[in-house]
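In the text below, chain A, chain B and the rest are named by the order of the sequence lines, each starting its count at 1. Any value given below was found using the heavy atoms of this structure, including those in side chains, with hydrogens, waters and symmetry copies removed.
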Amino acid sequence: MAGQRRQNRVLALDFFKADALQLAPMLLGKYLVREHEGNIVRLVINEVEAYLGEEDLACHASKGRTPRTEVMYLEGGHIYIYLIYGMYYMLNIVTGKKDHPQAILIRGTQEISGPGRLTKFLQIDKTLNAKLLTPDNGLWMEESGIKLNYKTTPRIGVAYAKEWALKPWRYVAD
DNA sequence: ACAAAGATCCGT
DNA sequence: CGGATCTTTGTA
């Protein structure tokens, strides 16, 4: 049955407890699924970036624990949303173990390019912050069977992060 | 209390 | 290339 098969394809929360650098390339080709006001949308992820711990100057957790970064210290599988430039919500998935702040920014999909445009399209805002990535919360991921070739580049928009700005932690399908 | 900067996007 | 637009954070 298609419905049951689909159910089995939902990525369990345990999947996100691995390290961000290991997970980031694995998210390419996965479905990002949003259910909102009765509509379900599936998009194929094709661009992500990893943010890795307090020592990574590009990572918000480089400031340590603050009201905003507290979410990144939760266990992998939580959703981290923040507003940037007063206009755009950024969608991140917390990864790794509790108290090890990491997150993967979902920068784009095959259908929608750009992290700000993506959240606008999916109607994602701060109400999802700190929630779990599950169907119950209206946002989750699914296995798709799609394999994408990809390359790595430095992350976008983090020139201030000194030597961390050079880390090839952006993964983009080609 | 205040100022500065920001994991972006769009129009000129 | 500059403006929009407002939250978070550091400093006083």
Side-chain angles (χ1 to χ4, degrees), chain A residues 16-32 34 36 41 43-97 99-133 137 139-141 148 150-174:
Chain A
F16 299 97
K17 292 175 185 172
D19 187 84
L21 285 185
Q22 181 190 345
L23 283 173
M26 296 175 64
L27 294 189
L28 300 176
K30 295 283 193 292
Y31 285 128
L32 175 67
R34 170 67 164 153
H36 187 249
V41 179
L43 301 176
V44 179
I45 296 169
N46 73 355
E47 182 181 356
V48 300
E49 284 177 358
Y51 289 83
L52 266 258
E54 294 185 342
E55 61 277 7
D56 175 6
L57 287 184
C59 182
H60 290 166
S62 63
K63 304 285 186 186
R65 285 183 187 263
T66 68
R68 180 172 71 161
T69 65
E70 194 64 32
V71 182
M72 280 203 280
Y73 289 80
L74 298 175
E75 198 165 39
H78 288 265
I79 300 165
Y80 171 42
I81 311 261
Y82 64 92
L83 183 69
I84 192 65
Y85 301 119
M87 277 177 253
Y88 302 105
Y89 292 103
M90 300 287 103
L91 168 63
N92 301 255
I93 311 304
V94 176
T95 63
K97 301 172 188 167
D99 296 326
H100 291 241
Q102 305 184 338
I104 295 174
L105 169 66
I106 310 299
R107 282 194 63 87
T109 67
Q110 286 184 340
E111 298 80 1
I112 307 288
S113 293
R117 300 178 69 201
L118 178 65
T119 53
K120 185 177 177 186
F121 181 77
L122 293 178
Q123 297 182 271
I124 287 169
D125 62 23
K126 290 222 69 137
T127 60
L128 283 166
N129 188 44
K131 298 244 173 77
L132 287 165
L133 190 65
N137 288 325
L139 187 65
W140 68 98
M141 286 192 198
L148 297 176
Y150 67 90
K151 61 183 179 183
T152 62
T153 80
R155 293 167 294 182
I156 305 296
V158 297
Y160 59 86
K162 301 182 180 176
E163 69 266 29
W164 297 92
L166 302 176
K167 302 284 186 185
W169 291 348
R170 172 172 176 250
Y171 301 78
V172 51
D174 46 26

Query - Contact summary for A:G116 and A:T119, nearest pair of heavy atoms - result: O-OG1, 3.1 Å
Query raised in the report: Near DNA chain B, which residues from residues 121-130 of chain A have a heavy atom under 4.0 Å away?
Result: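 Within this stretch, nothing sits under 4.0 Å of the strand.
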Can you pull every protein N or O that's under 3.5 Å from an N or O on nucleotides 4-8 of chain B?
| unit_1 | atom_1 | unit_2 | atom_2 | d |
| --- | --- | --- | --- | --- |
| B:dA7 | OP1 | A:H60 | NE2 | 2.6 |
| B:dA7 | OP2 | A:Y160 | OH | 2.4 |
| B:dA7 | N9 | A:Y82 | OH | 3.1 |
| B:dA7 | N7 | A:A58 | O | 3.3 |
| B:dA7 | N7 | A:H60 | NE2 | 3.1 |
| B:dA7 | N1 | A:N92 | OD1 | 2.6 |
| B:dA7 | N3 | A:Y82 | OH | 3.1 |
| B:dT8 | OP1 | A:R107 | NH1 | 3.2 |

Report summary line: Base-pair string, DNA chain C, Watson-Crick plus G-U, cut-off 3.5 Å on both distances, | for inter-strand, is ||||.||||||.
Query raised in the report: Below 4.5 Å, heavy atoms only, C-beta onward: do A:Y88 and A:P115 meet side chain to side chain?
Result: no
Check: [X] side chain, [Y] main-chain N or O, donor-acceptor pair, under 3.5 Å:
X      : Y      : value
A:T109 : A:L43  : no
A:R34  : A:Q123 : yes
A:N137 : A:L139 : no

Query raised in the report: Who passes side chain to side chain contact (heavy atoms under 4.5 Å, CB included) against A:N46, sequence neighbours left out?
Result: A:Q110, A:L148, A:A173
Which donor-acceptor pairs under 3.5 Å do side chains of residues 156-170 of chain A form with protein atoms, sequence neighbours excluded?
| unit_1 | atom_1 | unit_2 | atom_2 | d |
| --- | --- | --- | --- | --- |
| A:W164 | NE1 | A:E55 | O | 3.2 |
| A:R170 | NE | A:E47 | OE2 | 2.8 |
| A:R170 | NH1 | A:T153 | OG1 | 3.1 |
| A:R170 | NH2 | A:E47 | OE2 | 3.0 |

Query raised in the report: To the nearest 0.5 Å, how far apart are OH in A:Y51 and CD1 in A:I104?
Result: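 Rounded to the nearest 0.5 Å, the OH-CD1 separation comes to 11.5 Å.
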Query raised in the report: Looking at CG of A:L105 and CZ of A:R155, how far apart are the two atoms once the value is rounded to the nearest 0.5 Å?
Result: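 Answer rounded to 0.5 Å: 10.0 Å.
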Solution key, residues 71-80 of chain A side-chain donor-acceptor pairs under 3.5 Å, sequence neighbours excluded:
| unit_1 | atom_1 | unit_2 | atom_2 | d |
| --- | --- | --- | --- | --- |
| A:Y73 | OH | A:E54 | OE2 | 2.4 |
| A:H78 | ND1 | A:A130 | O | 3.4 |
| A:Y80 | OH | A:H60 | ND1 | 2.7 |

